[in-house]
Amino acid sequence: MTGDVIKVLLVDDQPLLRMGFRLILEGEADFTVVGEASDGLEAVRQVEALQPDVVLMDVRMPAMDGIEATRRISSSGSDARVIILTTFDLDEYAFSGLQAGASAFLLKDVAPAELVHAVRLVASGDAVVAPRVTQRLLETYVRGGALPGHSASPHRDPLLDELTPRETEILTTIAEGLSNAEIAHKFFLSEATVKTHVRRILSKLQLRDRVQVVVYAYETGLVVPSNPDY
């Protein structure tokens, strides 16, 4: 994120929804909506041209859906972070969006204050939006090998061998949805030390942010559902 103003791109095929989000975000001094797109193809082009910090991305759109657009944006090397917009909190598309590289997901009927808070969190790159809900989504789709593109018998990623024992412990707690403060309390560490460990984990595992750590931990079998009968 450059400067103090968070640049947002709105992507949805419903003009009224884009208008509503624009009104909410532009009511805040630290936001500017730099553009809008009505489909995934246009979104990819707009990200390249406008360099937003955060993209609010609908899933079901013509020409190209939000999942493929998110995948292309994430793989392009762009610094833009994507928030998937979905109708249901246990929507398989929300998980597919996280798999594709999104940093979070939000329900379309999100309260204005929660929307503003979520965009700020994702722009900071230092938090997961609604980690407990993200965990519930992951546990629902990991059950029985139900994740899109997920193997029921995941193999160990060699990159995990690059982690120290402490980093492996912290990786597991991130996947459980703990915040930096909660991790610090659990291991009797300072928050600054936890942040350092998190940065090193991201670097070693070649992941973009904390939510990608959560997805990775479930996909590699490092973390399994806490309640298989959920």
Side-chain angles (χ1 to χ4, degrees), residues 1-28 30-87 89 91 93-131 133-134 137 202 207-215:
M1 187 175 64
T2 57
D4 296 324
V5 176
I6 300 170
K7 298 183 294 182
V8 182
L9 175 67
L10 304 177
V11 185
D12 197 291
D13 61 349
Q14 299 180 47
L16 285 177
L17 192 69
R18 297 199 308 267
M19 182 185 299
F21 282 168
R22 177 184 282 272
L23 288 172
I24 292 168
L25 295 174
E26 292 194 333
E28 303 292 321
D30 57 336
F31 288 120
T32 181
V33 175
V34 294
E36 298 183 15
S38 58
D39 62 62
L41 275 174
E42 188 180 355
V44 173
R45 289 194 293 264
Q46 293 269 44
V47 166
E48 183 177 1
L50 301 173
Q51 298 294 304
D53 300 305
V54 177
V55 181
L56 288 177
M57 180 79 75
D58 186 25
V59 172
R60 300 166 183 83
M61 295 180 292
M64 179 188 292
D65 66 29
I67 306 304
E68 179 59 25
T70 297
R71 186 174 292 110
R72 294 193 185 189
I73 291 167
S74 298
S75 63
S76 71
S78 170
D79 290 331
R81 298 179 183 275
V82 177
I83 298 177
I84 291 291
L85 298 171
T86 184
T87 306
D89 63 353
D91 188 342
Y93 291 104
F95 177 78
S96 296
L98 297 181
Q99 266 194 321
S103 295
F105 75 96
L106 286 175
L107 298 181
K108 284 192 172 185
D109 62 356
V110 61
E114 185 180 350
L115 172 67
V116 169
H117 180 61
V119 174
R120 286 194 182 115
L121 279 175
V122 169
S124 75
D126 195 36
V128 175
V129 175
V133 178
T134 302
L137 177 80
L202 293 175
L207 301 170
R208 291 186 55 162
D209 53 32
R210 293 173 67 99
V211 80
Q212 296 306 307
V213 172
V214 179
V215 175

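Starting from 1, each residue takes its place in the sequence as its number. Fair warning: this is a prediction, and the values are worked out from it, not measured in the lab.
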With the side chain counted from C-beta on, respond yes when Q46 and V11 share a heavy-atom pair under 4.5 Å apart, and no when they do not.
-> no
Could you list the residues that satisfy side-chain contact (heavy atoms from CB on, under 4.5 Å) with L41, not counting sequence neighbours?
-> D39, R45, A63, M64, R72
State, yes or no, whether a side-chain contact exists between D58 and L17 at a heavy-atom distance under 4.5 Å.
-> no
Listed by chain and number, what are the side chain to side chain donor-acceptor pair (under 3.5 Å) partners of E42, not counting sequence neighbours?
-> S38
V8: which of I83, V55, D53, V119 passes side chain to side chain contact (heavy atoms under 4.5 Å, CB included) | V119
Tell me, please, which residues at least two apart from L202 pass side-chain contact (heavy atoms from CB on, under 4.5 Å).
-> V198, L207, V213
Residue set satisfying side-chain contact (heavy atoms from CB on, under 4.5 Å) with E28, at least two apart, ordered chain then number -> D30, F31, V116, R120
Q212 and A102: which non-hydrogen atoms are nearest, and at how many Å?
-> NE2-O, 2.6 Å
Could you tell me the separation between the CD1 atom of I6 and the CZ atom of R81, rounded to the nearest 0.5 Å?
-> 11.5 Å
So do the side chains of D12 and L56 get within less than 4.5 Å of each other, counting heavy atoms only?
-> no
All pairs passing side-chain hydrogen bond (donor to acceptor under 3.5 Å, both in side chains) where residues 14-26 contributes a residue, at least two apart = R18-E36, R22-E26, R22-E36
Nearest heavy atoms of G40 and M61, plus distance in Å = N-CE, 3.7 Å
What closest approach, in Å, do A80 and P52 show between heavy atoms, and which atom pair accounts for it?
-> CB-O, 3.4 Å
Reported CD1-to-CD distance for the pair I73 and E68, which is rounded to 0.5 angstrom | 10.0 Å
Report yes or no: does E48 contribute a side-chain atom to a donor-acceptor pair with the main-chain N or O of A43 at less than 3.5 Å?
-> no
How about L85 and F21: do any of their side-chain heavy atoms sit closer than 4.5 Å?
-> yes
Non-hydrogen atoms of S103 and V122 that approach each other most closely = CB-CG1, 3.9 Å
Quick one: does S74's side chain have a donor or acceptor within less than 3.5 Å of a partner on R71's backbone?
-> no
Could you list the residues that satisfy side-chain contact (heavy atoms from CB on, under 4.5 Å) with T32, not counting sequence neighbours?
-> V5, K7, V34
Rounded distance (nearest 0.5 Å) linking atom CE of M19 with atom CG of L10 | 11.5 Å
Drop me the distance from T70's OG1 to I84's CD1, to the nearest 0.5 angstrom.
-> 3.5 Å
Minimum heavy-atom distance between P62 and D13, given as atom pair plus value = CD-OD2, 3.7 Å
